[in-house]
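Single-structure report; data block below.
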Amino acid sequence: MSIIFDEKRKIFKLDTPNSTYAIKIFEGGYLLHIYYGKRLNDTNLDFMIPSTIDVSYSPRAKSVLSDPDFSTDIKPMEYSVNGTGDYRVSALQIRAACGNASTDIRYKSHKIYKGKYSLPGLPATYANTEDEADTLEIVTEDVHTGAVVTLYYGVFNCYDAITRAVKVENTGKEPFEIERIFSTCVHFNRMDMDMIGLWGSWARERTPARRPLEHGIREVKSKRGSSSHYHNPFVALCDHNATEQLGEAYGFSFVYSGNFSAQCEVDAYCQTRMIMGLEDTDFGWHMECGETFYAPEVVMAYSDEGLGGMSRVYHKLYRYNLCRGKYKTAKRPLLVNNWEGTYMDFTGDKLVSIAKDASELGIELFVLDDGWFGERNDDKSSLGDWFVNEKKLGRTMGELASEINALGLKFGLWFEPEMISPISKLYEAHPDWCLHVGERERSEARHQLILDMSREDVRDYLVDTISNILDNANIEYIKWDFNRNLTEVGSALLPPERQKELFHRYVLGLYDLNERLLKKYPYLLLEGCSGGGGRFDPGMLYYVPQVWASDDSDAMERIRIQYGTSFVYPASTISAHVSAVPNHQTGRITSFETRGNIAMAGAFGYELDLNKLTDEERALVREQVANYHKYYDIIQNGDLYRIISPFENDRLAAWEYVSGDKREVLFTFAVMRGFFPTTVQIKLPGLDPELVYVDQKTGKEYSGSALMYGGLQMANDDYMVNGFSRRDGYSEIVYLKAK
Ligand code: GLA
């Protein structure tokens, strides 16, 4: 059991293989956070609770007799509440029927059990067997409203990950309002840390930004209704000198796809509080008597092997304990998607001719993207009209799928289920099905509105129409797109006091729809997408095991996007394609080899018109397909080591996958901008110094220790001319195996 309760000291100690998290039940039922960090041996930890000396301006809880200076303003509160003396960012605020919101939760009881809790209607990490995780539930009660607030802790035995979630129940006789509910709150008796977030925009997703903590509050958030391109629901705190390999790093990752907030406050006493959960300005939840509310899960990861160690915790956990379904472990089919190849300008015959080439080249899945339904030949109409445009295809969808299947390929289809075009049959029939506020203007983006996913009739319609397509054609893959953010967030069905719930209800509806379709069609491979990688979050990964990482398919840009994405998300989730040059987003020309080498670091595929390939390019596709199969296992299941960051070095990037037994190494090196006057020697971390590795291409042998501590020399005639690199966009994959 990884959770200990020391009855005498009233201390909970939660242990993962290398980390400990400790909580104390203090006098009066106050819950104090004692410690989170490297694994500790015992529960003799009271001395770590900061003493409160300077409390002149801090309200004291007079009922605490053992510590007359006890003040929630200063103490390391385990789950901070608003209105009763703790002026720092708070995790919870409940407004009672009388109108007052002074929240004050105190310990009541607890429960420890084998296995991991789950959250009804919400995605969450899970234990594959009871032995993989244990759960602690601490039940507290709000003194004022009687709200029963249960704090959940999931402790993984195999990874250094601890999860948090919260349940609120109204067991009383009056309704109340949850005005703010964050899922985690963690205290650190220090401020000498950096905070890292992943910001971005369309075509530039997940750029790591690192800055030292300072006094005051730093926040990353989304108010767009989706996790968004702009800030990923992830934050890391780490030592100032933490590197990829060294130092302590703490990750906070929100298993949710809508509005979120992560706030980090350094107080006057140089203590740090980190909270993460539902963004609160556009949130509220009305609680009638007998009702229950669950706040989504936050996954906290700890590593004392730097940021790389933290990422590897997430990679394993999300691959094996978050993603689900057949394709969690089954080999993903290598796909070609027609979007950048044809956009919406295609005929059925054209699609079949691309599929013919795909079949000859060893590609396994053909994906038909946007433009196959309603009257859709541009982005101005038809979303919601999920009826096959047989005139455009020249056949039924069933016939098209059969033709493609006959070529030996699986068939997949694009949908954007949550959307509705104002020019559509659906909108004519149901103008009240979209998010809207009365007669007020409905803001459009990409000429579309958003369906009110909180409505069951809307979800029923989507299940029916999507099922109708799936039942009449052999479709084994769906690309699930979402191309705009929420505005005028009002529902025609919700009563006024529940309109503020709509942002969250939207996401719950989205999850329900995914779950219903996956239950009905469990063999489906879903791929998430949102104008590229605008909804790349752990919430979606519970339903879709891979996500189109960005609409920017330029290999040089993808180096950065995929590098940032890898802070949290494993290669198996990062959908990456070889596209045509000049690249459609950047105009850049990069070699076919490099486009393949970079896309290889994810869920690999192609996105171009295969009919237009030259013989030389066709040969390269065959080679890449062979490499895809050869490297699949090490990329999907190996340990990632980021070696040279494209954000710190504007010329070079390098990363490596190492197999679990350390006997195989796949190293990728890319020259983003050439012309550097020497050879480059790159240390390969994570190897076994005792082994001898053989380069599978050249047959050259290297000792593990020499590669680790000396480095592999990257200098060859391919990119060096007179000792200078002249080849922007050169890249190389080196595959090493132990002798
Ligand atoms: C979004 C996606 C693209 C493509 C188009 C289709 O932009 O990110 O990959 O599917 O929509 O309209």
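Sequence positions, counted from 1, serve as the residue numbers for this chain.
K316 has a carboxylate O that lies under 4.0 Å from a charged side-chain N of D639, or vice versa, which qualifies the two as a salt bridge. Salt-bridge formation is detected for the pair K519/E515: a Lys NZ or Arg NE/NH1/NH2 atom is positioned less than 4.0 Å from an Asp or Glu carboxylate oxygen. One finds a salt bridge joining D650 and R673 here, because a Lys/Arg side-chain nitrogen approaches an Asp/Glu carboxylate oxygen to under 4.0 Å. Ion pairing between K479 and D369 holds under the 4.0 Å rule for side-chain N and carboxylate O. Taking 4.0 Å as the cut-off between side-chain N and carboxylate O, E130 and K114 do not count as a salt-bridged pair. By the 4.0 Å N-to-carboxylate-O rule, K116 lies close enough to E297 to be salt-bridged with it.
With E664 contributing its side chain and I634 its backbone, the two residues share no donor-acceptor pair below 3.5 Å. No side-chain donor-acceptor contact under 3.5 Å links N337 to the backbone of F366. Under a 3.5 Å cut-off, the side chain of R206 and the backbone N or O of A549 do form a donor-acceptor pair. Proximity of a side-chain donor or acceptor of E132 to a complementary backbone N or O of C158 within less than 3.5 Å is not detected. Under the 3.5 Å distance criterion, the side-chain polar atoms of E701 are left unmatched by any main-chain donor or acceptor of K739. In terms of modelled atom types and a separation under 3.5 Å, the side chain of R595 and the main chain of S579 share a donor-acceptor contact. When atom types are taken as modelled, the side chain of T594 and the backbone of T590 share no donor-acceptor pair closer than 3.5 angstrom. Not a single donor-acceptor pair under 3.5 Å links the side chain of N321 to the backbone N or O of T125. Between the H229 side chain and the R535 main chain, no donor and acceptor come within less than 3.5 Å of each other. Judged by distance alone, with hydrogens and angles left aside, the side-chain atoms of R324 form a donor-acceptor pair with the main-chain N or O of Y542 at under 3.5 Å.
Residue K328 qualifies as enclosed at atom NZ: its count of foreign heavy atoms under 6.0 Å is above 12. Within a 6.0 Å radius of NZ in K331, more than 12 heavy atoms belonging to other residues, nucleotides or ligands are found. Residue K662 qualifies as enclosed at atom NZ: its count of foreign heavy atoms under 6.0 Å is above 12. Counting heavy atoms of neighbouring residues, nucleotides and ligands inside a 6.0 Å radius, atom NZ of K520 exceeds 12 of them.
S659 and D661 form a side-chain donor-acceptor contact under 3.5 Å, judged by distance and modelled atom types alone. Under 3.5 Å, the side chains of W339 and D370 contain no donor-acceptor pair of N or O atoms. A side-chain donor-acceptor contact under 3.5 Å links S253 and Y318. Judged by distance alone, the side chains of R642 and S566 do bring a donor and an acceptor atom under 3.5 Å apart. In this model, no donor atom of one side chain and acceptor atom of the other lie less than 3.5 Å apart for S228 and S226. For S731 and E593, the side-chain atoms include no donor-acceptor pair closer than 3.5 Å. Using modelled atom types, one finds a donor on one side chain and an acceptor on the other under 3.5 Å when comparing E340 with S553.
Taking the six-membered ring wherever Trp is involved, the centroid distance between the rings of Y569 and Y314 does not fall below 6.0 Å. With ring centers used as reference points, F411 lies 6.0 Å or more from Y477.
With S257 as reference, D537 is the one residue of D537, N514, L541 to meet the side-chain contact (heavy atoms from CB on, under 4.5 Å) rule. Checked against S2 for a side chain to side chain donor-acceptor pair (under 3.5 Å), the options D15, T16, T135, N157 give a single hit: N157.
Residues L608 and V578 meet the side-chain proximity criterion, which asks for heavy atoms closer than 4.5 Å. Side-chain contact between L613 and F592: present, with at least one pair of heavy atoms (C-beta onward) separated by less than 4.5 Å. No side-chain heavy atom of T565 sits under 4.5 Å from any side-chain heavy atom of N232.
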Next on the checklist: I'd like to know whether F252 forms a ring-ring contact (aromatic ring centres under 6.0 Å, His included) with F234, so could you lay out the CA-CA distance, the side-chain angles of the two residues, the decisive distance to 0.1 Å, and finally the verdict.
Outcome noted: CA-CA 6 Å; F252 300 86; F234 164 78; 8.5 Å; no
Next on the checklist: I'd like to know whether Y250 forms a ring-ring contact (aromatic ring centres under 6.0 Å, His included) with Y302, so could you lay out the CA-CA distance, the side-chain angles of the two residues, the decisive distance to 0.1 Å, and finally the verdict.
Outcome noted: CA-CA 5 Å; Y250 300 85; Y302 170 81; 5.2 Å; yes
Checklist entry - Would Q546 and T573 count as a side-chain hydrogen bond (donor to acceptor under 3.5 Å, both in side chains) if you check the C-alpha gap in whole Å, the side-chain angles of each, and the deciding distance to 0.1 Å? => result CA-CA 4 Å; Q546 60 190 51; T573 64; over 6 Å; no
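The CZ atom of F604 sits 11.0 Å away from the OG atom of S575 when rounded to the nearest 0.5 Å. Distance check, rounded to the nearest 0.5 Å: SG of C323 to CE of M540 gives 11.5 Å. The NZ atom of K612 sits 8.5 Å away from the CD1 atom of I354 when rounded to the nearest 0.5 Å. Here the straight-line distance linking atom CG of L687 with atom CG of L707 works out to 6.0 Å at 0.5 Å rounding. Distance OH/Y521 to CG/L526: 12.5 Å, rounded to 0.5 Å. Considering CZ of R516 and CD1 of I466, their distance stands at 10.5 Å, rounded to 0.5 Å.
Remark: R210 fails to qualify as a cation-pi partner of W199 under the 6.0 Å distance and 45° angle criteria applied to the six-membered ring. Cation-pi geometry between R312 and Y159 is not met at under 6.0 angstrom from the ring centre and within 45 degrees of the axis. By the 6.0 Å and 45° rule, R332 does not stack over the aromatic ring of Y327.
Classified by interplanar angle (parallel below 30°, tilted 30° to 60°, perpendicular above 60°), the ring pair Y511/Y543 is parallel.
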